[in-house]
Protein chains: 2
Amino acid sequence: MGRQPSSKPTSFDIAYLAGVSQPTVSRALRGSRSVSLATRQRIEAIARELNYSVDKNASSLRSQRSNTIALLFFEDPTPDESNINPFFLSMLGSITRQCAARGLDLLISFQKMEDDWHVRYQDSHRADGLILLGYGDYTLYKSRLEQLVGHGTHFVRWGSVDEGNIGATVGSDNVGAGRLAGDHLLELGRRRIAFLGHADEHYPEFADRYQGLCAAMLAQGIAPEPALQVDALTAEDAGHAAAQALIARGVAFDAIFAASDLIAIGAMRALAEAGLNVPHDVAIVGFDDIPAASLTSPPLTTIMQDMKGAGELLVDAVLAQVEERPLPRTTLPARLVVRRSSAG
Amino acid sequence: MGRQPSSKPTSFDIAYLAGVSQPTVSRALRGSRSVSLATRQRIEAIARELNYSVDKNASSLRSQRSNTIALLFFEDPTPDESNINPFFLSMLGSITRQCAARGLDLLISFQKMEDDWHVRYQDSHRADGLILLGYGDYTLYKSRLEQLVGHGTHFVRWGSVDEGNIGATVGSDNVGAGRLAGDHLLELGRRRIAFLGHADEHYPEFADRYQGLCAAMLAQGIAPEPALQVDALTAEDAGHAAAQALIARGVAFDAIFAASDLIAIGAMRALAEAGLNVPHDVAIVGFDDIPAASLTSPPLTTIMQDMKGAGELLVDAVLAQVEERPLPRTTLPARLVVRRSSAG
DNA sequence: GGACAGAAGGCATACGTATACGCATAATAT
DNA sequence: ATATTATGCGTATACGTATGCCTTCTGTCC
């Protein structure tokens, strides 16, 4: 098996050995029907023998298709060095698998929303399309998204699905999920349910979750109280602070629906400090089902999003644009996972 | 700013507008010193104006350098869909940042060790080099690594640093870290310290940690007992099972050093089930300092590896090979993080 | 038996950039 | 004033593949 460390073999080398022309090699390896079975098998055998692989740069240059997708993470306002939001990591796992299944390469990078990340991916042919991931102020997003659309760049964003969105968006059914959480808490007999998380147009996903909660309450004839909503971004600290603020307001509450698990975990810490027992005094429901959610004490009831479906849908939505197909459904159902933080 | 959605601008377009030749544009944008300052600035201005970016495929094809690094994760034997080992995620964060700082693209993918992943990256010019990450049976690794070396592929592996390794390796000082853990537990007066984790040549990192622990004990005149070592791979379940096995053996122990935090967390669950109190009956030290480590009750004492340094070193080691520099230091110190699981 | 269609593959070329080389002009040396 | 060198840039070309178009051959049908 002495493979001489000569220069890498090219399709010309294969062609010579197979007694055909270079284009035939290219066609054979791409499975073109205009190459006879016999020829193709001969070529494939030789290619394998030489350990040949198609030069990705040449191939992409010629075909103007990189078969690569870029995944951009936008960090939370608190970019704590190598601390990544666990939810997005789970998403990453799902996306990589989906890309692998389709033979796509996946490029990943972390960005600050306010940087000029869009330029790098605009015409460089690095990737055929982008997947944008990350909570973040949507109003900041907008101008960047408009530029992408203007340039004809293919992209999908994970977020709140809404008609008015710029570009393609895929996301969980946040309203429905909020309703699930609300119904669950109401069934437990809780009536004064607080919401920890932003609820304005800057964070539409959170706003949707809140809206779902309100819908559930209204269905029981309970009017949502503004005093029971506290702003919070998705971070443990923010959850802690929000719960403290809630307590400080002096309004009664017997349940919390947190816009994310990290917020919920921070809130549980604040409740414990205040001598409040979970779930006895306050039942709590989070969102995301991050790994840590089952490790807290008590373990956290939460909403589990369909990660596998999300990866599939995101990748599919990008490819749909590349291939000029219409893109399919864009909303995914979520599921309630009941644990002890909301036990009877 | 009506940018016509015409075809993407090329270096020829820039050249035409600047009244120079295409090669001059290329040189100017790459900062070659053989272009006058005035010309370069003119070119840069036009390029920015047109929102031009270098075509990555063409550039890579011509220069035979992709300025891309591929990060390959090898999954644990239990590939639980989108559940990724948190430690590697933290590493990912560090590596992406390092790549961004150097203007490198990062390609990532998950692999099963036993697949033919090496072929895809061998001659395809997808990436200039590989970073290999993942616990896994080293004996399985070997044949793949040898093939990579044979092909002249640039790569670095994260793992146990040892003279006999195939190819470049970067890793924490696992022996030293094991010693840290051991010294800490000994200082607390614990004398019967168990180790949960494999300790053979299949998992050299774990073996190193165990060896460090043994060294600490021997320094105090305590002979390590084989009965106090239980095999475990890095997973919560494995830790749970290992601790159960340890208890079932009926040997006395007053401390546990777990080869990873996941193992430690599983072990704590088993201890709780057995009615053993942490840290009163059993002090416990983990390894990795994953986010969940501070959320357990009691919070877990653990060893924190230098993630930032790891990212830097890994990327640097790959580039060193690409640029034919000798590669620098390959071992990183680790730090003990004391929490309540090993309180007095 | 000639026209025609389909199969299989060759020929030429384009994708967009980077670099070896060469050639002026200007600056400096002798 | 001439020989020498550096500066700044143009000319030509190569990187390795994919694809439009054309050719050849075989088989088929009236």
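Chain naming here is simple, since letters A, B, ... match the order of the sequence lines and numbering starts at 1 in each.
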message = Any base atoms under 4.0 Å from T39(A), or only sugar-phosphate, or nothing? Heavy atoms, all strands.
response = sugar-phosphate
ask   = How long is the line joining NE2 of H125(A) and P of dT17(C), in whole Å?
value = 9 Å
key: Span of DNA chain D, from the first to the last nucleotide whose atoms fall under 4.0 Å of chain A heavy atoms   = dG16(D) to dG20(D)
query = Rounded to the nearest Å, what distance is computed from the CD1 atom of residue I43(B) to the C1' atom of nucleotide dT17(C)?
reply = 14 Å
message = For a quick check of understanding: with a heavy-atom distance under 4.0 Å over all strands, which category does V20(A) fall into, base, sugar-phosphate or nothing?
response = sugar-phosphate
ask   = Between K8(B) and D55(B), is the closest basic N to carboxylate O distance under 4.0 Å?
value = no
query = When the distance from CZ of R42(A) to P of dA8(C) is rounded to whole Å, what number comes out?
reply = 13 Å
request  = Remember a base hit wins even if backbone is also touched, and classify S26(B) as base, sugar-phosphate or nothing at under 4.0 Å, heavy atoms.
outcome  = base
query = Which atom pair, heavy atoms only, marks the closest approach of V322(A) to D128(A)?
reply = CG2-O, 3.6 Å
inquiry  = For the backbone of W117(B) and the side chain of D115(B), can you confirm whether one donor and one acceptor N or O come within less than 3.5 Å of each other?
reply    = no
task = Start with the C-alpha distance between H125(B) and S60(B), add both sets of side-chain angles, then the distance that settles side chain to side chain contact (heavy atoms under 4.5 Å, CB included), and finish with yes or no.
result = CA-CA 8 Å; H125(B) 285 285; S60(B) 300; over 6 Å; no
key: E312(A)/K308(A) salt bridge by N-O under 4.0 Å criterion   = yes
task = Using a heavy-atom cut-off of under 4.0 Å over every strand shown, decide if R27(B) touches base, sugar-phosphate, or nothing.
result = base
ask   = Is the count of non-hydrogen atoms from other residues, nucleotides or ligands lying under 6.0 Å from E324(B) atom CD greater than 12?
value = no
ask   = Would you say dT17(C) has OP1 or OP2 under 4.0 Å from some side-chain N or O of S59(B)?
value = no
request  = For dA8(C), take OP1 and OP2 only and decide whether either is under 4.0 Å from a side-chain N or O of S36(A).
outcome  = no
message = Once you apply a heavy-atom cut-off of 4.0 Å, does Q22(A) come out as touching a base, just sugar-phosphate, or nothing?
response = base
remark   = Taken to the nearest whole Å, CZ/R33(A) to C1'/dG9(C) is 15 Å
remark   = The residue, P23(B) or A58(B), whose nearest nucleotide of DNA chain D is more 5′ is P23(B)
query = Taking the six-membered ring for Trp, is the centroid-to-centroid distance between Y121(B) and F155(B) below 6.0 Å?
reply = no
